[in-house]
2 protein chains.
Amino acid sequence: MEYLSAVELFVRRLTSRSKLERPSISALLDLDGRLVPVQRGEDLILPGHPVSYSTLVVRGVLGRFDQMLDGKRQITALHIPGDMADLHSLPIPTPSWGIQSLVPSTTLQIPHERLRRVLDSHPDVAIAFWRDTVVDASILAKWTAYIGRADATTRIAHLFCELGVRMAFQGMAAKDDFPLAFTQAQIADAVGLTTVHVNRTMAVLRAACGLSIEKGRVMVRDWNVMASYANFDDSYLLMSR
Amino acid sequence: MEYLSAVELFVRRLTSRSKLERPSISALLDLDGRLVPVQRGEDLILPGHPVSYSTLVVRGVLGRFDQMLDGKRQITALHIPGDMADLHSLPIPTPSWGIQSLVPSTTLQIPHERLRRVLDSHPDVAIAFWRDTVVDASILAKWTAYIGRADATTRIAHLFCELGVRMAFQGMAAKDDFPLAFTQAQIADAVGLTTVHVNRTMAVLRAACGLSIEKGRVMVRDWNVMASYANFDDSYLLMSR
DNA sequence: CGGCGACTTGAGATCTTTCAAGCTGCGTGG
DNA sequence: CCACGCAGCTTGAAAGATCTCAAGTCGCCG
């Protein structure tokens, strides 16, 4: 029943930001699809290829990415369990980005047709989905700002602040100790740096605030120190109505 | 009647991507608000301050931005006439970003209340608005990718490719010759570089593809050369259904 | 035990920033 | 009509951040 709880997580987050009618909520909770296990590093969706389902993260972490001609990747969003990784594909079925699995994951592919049926009879769900897309854009804007204007230490600290807070918000773990088996190459793709430089910067943060990734867990000794490196302010995550 | 045509532009763009019922279209065309002239450099909306209207660009260019503690700005989106700069504020009335006017502009402040009334009676409009937000996010993702993974020349070339194509799509001008009185400092804020480096890079592009800004007009002699510097592919702008 | 992926380290190259100064065009006040 | 001042553009030189290339280490799995 693992995937049922992912749908529940998704609905719980929607209702934390949007008032939904009771029938809308049950229609959402009835959503179902194909449960798909995916390996680490697998590309689930490729840019320019139309899709007919949306991808709910049940387990693991997915990354939205864009790719340069020389193959360099930039991750533009991370999705943890309870996130619909490409709600976008419902209004725009041919994405301009790709989605890859960053760790061993499980997804639930929910057919667009089913989602559209819910939207057609429950207009408040459309607003809730729209609102979720706006939160996603708010996070993306923050990433853009940090990649454009912050140095390596600040960017990486900010990434882990954000991930911790989001994990905690989903009730998965504590913000200073959560499961996440990222490689340094994946961190590099997320913050727009090279692996070598990420490696050096992680060493700095390890010394400064006790940030470490061990056995697939992120741990932070002095979370507040990391947050001050990041100038972290969680309001862009819009965690309350 | 200048501002009426901005509403028309907005509606025309919505209908180019979304099928809308005839009554929905007339409800949208009936939208009205307060026409506000703004000076270059003025901040229209500040991060964290709630707003009760959405801002339609009638004339000029607005920039969405985020700001670091030291005051450095990163522009995360540009809005040209016919764009609703903060449709986002309708589902999320307290923005985490600001909006500034980059050139002398005119905006139409449309009360959220009026927009909500349209949404309530025309569910297809909600989907169209949502779709517009997704296009906005698609552009933002492309910016993130270029800021994270492309060098200065490529980033700036890409910016002007995008702006040209968007201007042409709105029917404002040709993609290789359009009105836009940006300063190099504003370009720097958009691509995440310093003014000095933008200056040097503009000189390179001027020599390579005849890109220039004179008397508030952007002109490009060899658009295809610029596009190849940018590796430009317009599909992320989703200009057709 | 071998091999592979991920992490670490060093050194030099390259890109971008910083600081500083001078230039240019334009609007304003005298 | 001219002088001034300011904003924006340009240029030089040095500092700094990040990247590239290259090699070596570590731990885990077959």
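Chain letters run A, B, ... following the sequence lines, proteins first, then strands; residues in each count from 1.
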Determine the minimum heavy-atom distance between H79(A) and V57(A), stating which atoms define it. CB-CG2, 3.8 Å

Return the nearest nucleotide to the side chain of H197(A); candidates are dT17(C), dG8(D), dT18(D). dT18(D)

Neighbour count above 12 (heavy atom, 6.0 Å) for R217(A) CZ: yes

The test is side-chain hydrogen bond (donor to acceptor under 3.5 Å, both in side chains); show your working for Y236(A) and E162(A) and say whether it passes. CA-CA 10 Å; Y236(A) 74 100; E162(A) 175 182 314; 2.7 Å; yes

Between CG of L102(B) and P of dA7(D) the distance, given in whole Å, is 17 Å

Within residues 145-153 of chain A, those residues having any heavy atom closer than 4.0 Å to DNA chain D are D151(A), A152(A)

Among R40(A), R73(A), R64(A), E42(A), the one residue meeting side-chain contact (heavy atoms from CB on, under 4.5 Å) with Q100(A): R73(A)

Should the pair D66(A)-R149(B) be classified as a salt bridge under the 4.0 Å nitrogen-to-oxygen rule? no

Output a table of nitrogen or oxygen pairs between the protein and nucleotides 11-13 of chain C separated by less than 3.5 Å.
{"unit_1": "dA11(C)", "atom_1": "N6", "unit_2": "R200(A)", "atom_2": "NH1", "d": "3.4"}

Take the protein atom CZ of R40(A) and the nucleotide atom P of dC4(C), then report the distance between them rounded to whole Å. 18 Å

From CA spacing to verdict: side-chain hydrogen bond (donor to acceptor under 3.5 Å, both in side chains), S89(B), H112(B): CA-CA 8 Å; S89(B) 69; H112(B) 283 162; 2.9 Å; yes

Rounded interatomic separation in angstrom, taking CE from M202(A) and P from dC7(C): 9 Å

Run the numbers on D136(B) and T133(B) for side-chain hydrogen bond (donor to acceptor under 3.5 Å, both in side chains), then give the verdict. CA-CA 5 Å; D136(B) 191 274; T133(B) 305; over 6 Å; no

I156(A) CD1 to dT18(D) P: how many Å, rounded? 9 Å

Does a nitrogen or oxygen in the side chain of Q184(B) sit under 4.0 Å from OP1 or OP2 of dT10(D)? yes

Winner on side-chain proximity to T183(A), out of dT18(C), dC7(C), dT18(D), is dC7(C)

How many Å lie between CG on L193(A) and P on dC15(C), as a whole number? 17 Å

Distance in angstrom units between K215(A) NZ and dA6(C) P, rounded: 16 Å

Between NZ of K72(B) and P of dT16(C) the distance, given in whole Å, is 15 Å

Rounded to whole Å, how long is the line connecting atom CD of Q39(B) with atom C1' of dG27(C)? 15 Å

Could you go step by step and tell me if T55(B) and T107(B) meet the side-chain hydrogen bond (donor to acceptor under 3.5 Å, both in side chains) rule? CA-CA 6 Å; T55(B) 302; T107(B) 69; 5.5 Å; no

Quick one, which residues of residues 62-71 of chain A touch DNA chain C with a heavy atom under 4.0 Å? none

Pair W97(A) and H88(A), ring centroids less than 6.0 Å apart: yes

side-chain N/O N199(A) vs dT8(C) OP1/OP2, d < 4.0 Å: yes

Heavy atoms of other groups near R221(B) CZ, more than 12 under 6.0 Å: yes

Is the shortest distance from a Lys or Arg side-chain nitrogen in K72(B) or D189(B) to a carboxylate oxygen in the other one below 4.0 Å? no

For dC15(C), take OP1 and OP2 only and decide whether either is under 4.0 Å from a side-chain N or O of R155(B). no

Might you work through the side chain to side chain contact (heavy atoms under 4.5 Å, CB included) test for D32(B) and V7(B), ending with a clear yes or no? CA-CA 8 Å; D32(B) 203 353; V7(B) 173; over 6 Å; no

